[in-house]
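Per chain, numbering begins at 1; letters A, B, ... match sequence-line order.
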There are 2 protein chains.
Amino acid sequence: MTRSYFINEKGDEITFQLFPEHYVMGNVHSLLFNEPSKFVYQALEDTKVYVIDNESFQNVILQNPRFLDLNRMDFNNMPLKQAFRRVESFVLLSPEERYLKYMNDYPSVINRAPDKYIANVLGITPVSLSRIKGRITAKRLR
Amino acid sequence: MTRSYFINEKGDEITFQLFPEHYVMGNVHSLLFNEPSKFVYQALEDTKVYVIDNESFQNVILQNPRFLDLNRMDFNNMPLKQAFRRVESFVLLSPEERYLKYMNDYPSVINRAPDKYIANVLGITPVSLSRIKGRITAKRLR
DNA sequence: CTCATTTGTTATCTTTTGTTATTGTCGAGC
DNA sequence: GCTCGACAATAACAAAAGATAACAAATGAG
């Protein structure tokens with residue numbers, strides 16, 4: 001389980017992404033955008049780290065048109081597609097619906113990452129996430 | 001000025017992106033993801049349309065490592081980078097801050113696209129956007 | 001120009017969220 | 001065992017957002 005986050009103006013850590021196993025968290029900013037990353041990358045559990053220099057990476061791009069598949073082992077979920085889906089979820093869904101979708105898409109993350117991280121990923125506060133969880137279980141019991 | 005939108009469960013059109021001139025709106029889904037697009041692409045003003053088949057596009061990818069720069073004429077704003085920035089704005093900013101940032105980033109869109117489109121892009125309702133605009137001008141007059 | 005449609009603003013009400021503070025739980029370390 | 005710190009749940013309050021309706025302004029077709 002890995003985590004990427006940045007620091008906002010107030011100095012708080014804002015979690016941007018959480019990856020369970022079989023995902024590769026790449027430093028997309030420095031590799032693709034050719035600029036220093038705003039993100040801090042953190043391993044929440046034991047994790048393999050591969051280091052690749054920019055030039056080698058350019059060669060990977062040139063030789064492999066599917067280099068964008070970097071983010072997932074099964075080469076079926078490109079960063080761009082992930083990002084599109086995520087923007088879609090913000091445009092189309094309410095926070096509660098977003099949480100339900102996240103639970104469905106990344107079930108292995110839900111019970112292993114702290115809720116305060118997940119709240120950031122969903123674009124809401126930890127308190128709001130707690131309330132949403134409460135509403136959902138209340139509905140479930142009814 | 002062009003627009004991409006999809007249809008939600010209720011049957012409403014939800015605007016996903018708005019592009020001013022000098023941007024190229026590409027059908028990323030069908031070309032990159034190799035799947036039919038959920039989006040409808042619409043020209044709000046006179047627009048040049050280029051059609052490219054999938055095979056030719058694969059060649060473009062293979063021959064040009066910067067193919068991702070598709071979305072902007074000045075080749076400085078890749079779709080992935082745009083998508084990352086947009087997710088960032090949802091994670092970090094309030095709806096009002098998001099609108100101010102959008103005004104700053106796409107000033108030419110603000111006064112030419114209907115607010116109901118812009119509201120969708122920002123992930124809020126048109127009514128809410130109208131109130132946000134009201135709050136901002138109220139602050140400006142104070 | 002006129003009429004009909006669309007779009008934007010405003011008001012009202014309800015729901016949700018953010019903020020802050022409090023409480024309880026759990027685990028690490030002493 | 002005890003304390004301390006981190007995290008989640010909850011409450012209370014204010015602020016904002018969603019839904020809806022009514023009205024005004026702008027747009028477009030004829």
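A straight line from OH of B/Tyr117 to C1' of D/dT27 spans 13 Å, rounded to a whole angstrom. The interatomic distance linking A/Asn111 (CG) with D/dA8 (C1') rounds to 13 Å, in whole Å. D/dA17 atom P lies 13 Å from atom CZ of B/Phe90, rounded to whole Å. Whole-Å rounding puts the B/Ile124 CD1 to C/dT9 P distance at 12 Å. In this structure, the CD1 atom of B/Ile132 is 9 Å from the C1' atom of D/dA16, given to the nearest Å. Here the C1' atom of nucleotide D/dA17 and the CD atom of B/Glu97 are 15 Å apart, to the nearest Å. When the C1' atom of D/dA14 is taken as reference, atom CZ of B/Arg135 falls 13 Å away, rounded to whole Å. Rounded to an integer number of Å, the gap from OH of A/Tyr99 to P of C/dT17 is 13 Å.
Taking the six-membered ring wherever Trp is involved, the centroid distance between the rings of A/Phe84 and B/Phe16 falls below 6.0 Å.
B/Lys133 has a carboxylate O that lies under 4.0 Å from a charged side-chain N of B/Asp115, or vice versa, which qualifies the two as a salt bridge. For the pair A/Glu13 and A/Arg3, the salt-bridge criterion is met [side-chain N within less than 4.0 Å of a carboxylate O].
Regarding contacts with the backbone of D/dG18, a side-chain N or O of B/Ser128 is found under 4.0 angstrom from either OP1 or OP2. Residue B/Lys133 places at least one side-chain N or O under 4.0 Å from the OP1 or OP2 atom of C/dT9. Checking the phosphate oxygens (OP1, OP2) of D/dA8, no side-chain nitrogen or oxygen of A/Lys116 falls inside 4.0 Å.
More than 12 non-hydrogen atoms from other residues, nucleotides or ligands lie less than 6.0 angstrom from CG of A/Asp12.
Comparing B/Thr125 and A/Pro114, the nucleotide of DNA chain D nearest to each residue sits closer to the 5' end for A/Pro114.
No continuous path of hydrophobic side-chain contacts links B/Val40 to A/Val87 [ILVMFWY only; heavy atoms under 4.5 Å].
Contact annotation: side chain of A/Arg131 to base of C/dG18, donor-acceptor pair present below 3.5 Å.
For A/Ser130, counting side-chain heavy atoms from C-beta on, the closest listed nucleotide (C/dT9, D/dA11, D/dA9) is D/dA9.
Among the atoms of the strands shown, none is found under 4.0 Å from any heavy atom of A/Pro126.
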